[in-house]
Amino acid sequence: MEANQKIIQLLKENMLFQEFTDSDLEKIVPFIREVRLGTGDFVVHQGDLGTDFFIIEDGEVEVIKRTGVGERVHQLTVLHHGDNFGELVLVGNGYRSASVRALRPT
């Protein structure tokens with residue numbers, strides 16, 4: 001499958017983009033870049049300024065948050081193929097409320 005078609009298909013599978021036409025999605029493709037993560041790599045850190053939105057093509061990440069006394073770390077969720085995170089940057093920049101780390105190559 002052509003790279004652009006693969007991206008469009010991934011977008012179509014995501015609930016945020018399901019109502020978009022193929023023409024709409026083609027306009028988004030030039031703004032998409034691939035990020036590869038190894039096991040244990042962080043893609044975002046809690047407290048950083050958020051500038052990117054992510055959709056997972058393949059792999060698995062955990063969303064973790066440091067809270068309270070002693071900076072305890074809590075796993076909030078695990079995300080897989082088709083899941084997204086960082087969507088708040090689509091409506092305005094803000095600071096990351098949690099960190100995201102790869103549980104396997106992603």
Side-chain angles (χ1 to χ4, degrees):
M1 181 183 299
E2 179 192 337
N4 286 356
Q5 285 306 111
K6 190 175 177 183
I7 292 168
I8 288 171
Q9 185 58 41
L10 182 64
L11 291 171
K12 284 177 155 181
E13 292 171 8
N14 186 276
M15 65 179 236
L16 295 177
F17 298 96
Q18 286 179 344
E19 300 298 320
F20 285 54
T21 66
D22 282 2
S23 177
D24 293 332
L25 296 174
E26 288 171 6
K27 294 173 186 168
I28 295 171
V29 169
F31 299 98
I32 294 176
R33 66 184 170 86
E34 183 176 44
V35 176
R36 293 178 181 261
L37 303 171
T39 302
D41 290 348
F42 283 86
V43 65
V44 300
H45 290 91
Q46 183 175 336
D48 287 352
L49 180 63
T51 58
D52 297 305
F53 165 75
F54 299 88
I55 299 175
I56 300 170
E57 178 183 14
D58 187 39
E60 182 177 61
V61 301
E62 65 177 343
V63 180
I64 56 176
K65 186 172 182 93
R66 292 189 181 280
T67 58
V69 177
E71 292 290 307
R72 292 182 45 181
V73 175
H74 300 277
Q75 184 185 68
L76 302 177
T77 192
V78 175
L79 303 174
H80 306 91
H81 169 81
D83 291 332
N84 62 265
F85 59 94
E87 62 277 359
L88 291 180
V89 302
L90 299 176
V91 294
N93 287 340
Y95 292 92
R96 300 289 184 189
S97 60
S99 297
V100 178
R101 177 173 55 197
L103 293 174
R104 61 185 177 95
T106 302

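Every heavy atom of this structure was used, including side-chain atoms; hydrogens, water molecules and symmetry mates were not.
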Worksheet item: Quick one: are Phe20 and Leu11 in side-chain contact, heavy atoms under 4.5 Å?
Response: no

Discussion item. The criterion is ring-ring contact (aromatic ring centres under 6.0 Å, His included); which residues satisfy it with His45, sequence neighbours excluded?
Written reply: Phe42

Worksheet item: If you look at every heavy atom in Ser99 and Gln46, which pair is closest and at what distance?
Response: OG-N, 2.8 Å

Distance-only donor-acceptor pairs under 3.5 Å for side chains of residues 75-87, two or more places apart:
unit_1 : atom_1 : unit_2 : atom_2 : d
Gln75  : NE2    : Glu62  : OE1    : 2.7
His80  : NE2    : Glu60  : OE2    : 2.8
His81  : ND1    : Glu57  : O      : 2.6
His81  : NE2    : Glu13  : OE1    : 2.8
Asp83  : OD2    : His80  : N      : 2.7
Asn84  : OD1    : Asn14  : ND2    : 2.9
Asn84  : ND2    : Glu87  : OE1    : 3.1

Fill in: Cluster link Val100 to Leu16, ILVMFWY, side chain under 4.5 Å
no

Item to complete: Measure across Leu10 and Ile56 and return the closest heavy-atom pair with its distance rounded to 0.1 Å.
Response: CD1-O, 3.9 Å

Item to complete: State plainly whether one hydrophobic cluster holds both Ile55 and Leu37, where clusters connect Ile, Leu, Val, Met, Phe, Trp and Tyr through side-chain heavy atoms under 4.5 angstrom apart.
Response: no

Practice prompt. Tell me whether Val43 is reachable from Val61 by hopping between hydrophobic residues (I, L, V, M, F, W, Y) whose side-chain heavy atoms are closer than 4.5 Å.
Written response: yes

Item to complete: Answer whether the closest heavy-atom distance between the side chains of Asp52 and Arg33 falls below 4.5 Å.
Response: yes

Worksheet item: Is it true that Val63 and Met15 fall in one hydrophobic cluster, defined by side-chain heavy atoms closer than 4.5 Å?
Response: no

Item to complete: Please check if atom CD in Gln18 has more than 12 non-hydrogen atoms from other residues, nucleotides or ligands closer than 6.0 Å.
Response: yes

Fill in: Asp22/Lys12 ion pair, N-O < 4.0 Å
yes

Discussion item. Other residues, nucleotides and ligands only: do more than 12 of their heavy atoms fall within 6.0 Å of CZ on Arg36?
Written reply: no

Worksheet entry | Exercise: identify the closest heavy-atom pair between Val89 and Phe53 | CG2-N, 3.8 Å

Worksheet item: If you round to the nearest 0.5 Å, how far is CG of Asn4 from NZ of Lys6?
Response: 12.0 Å

Worksheet item: What are the two closest heavy atoms between Ala102 and Gly38, and how far apart are they?
Response: CB-O, 3.4 Å

Worksheet item: What is the distance from atom CZ of Arg101 to atom CG of Asp41, rounded to the nearest 0.5 Å?
Response: 10.5 Å

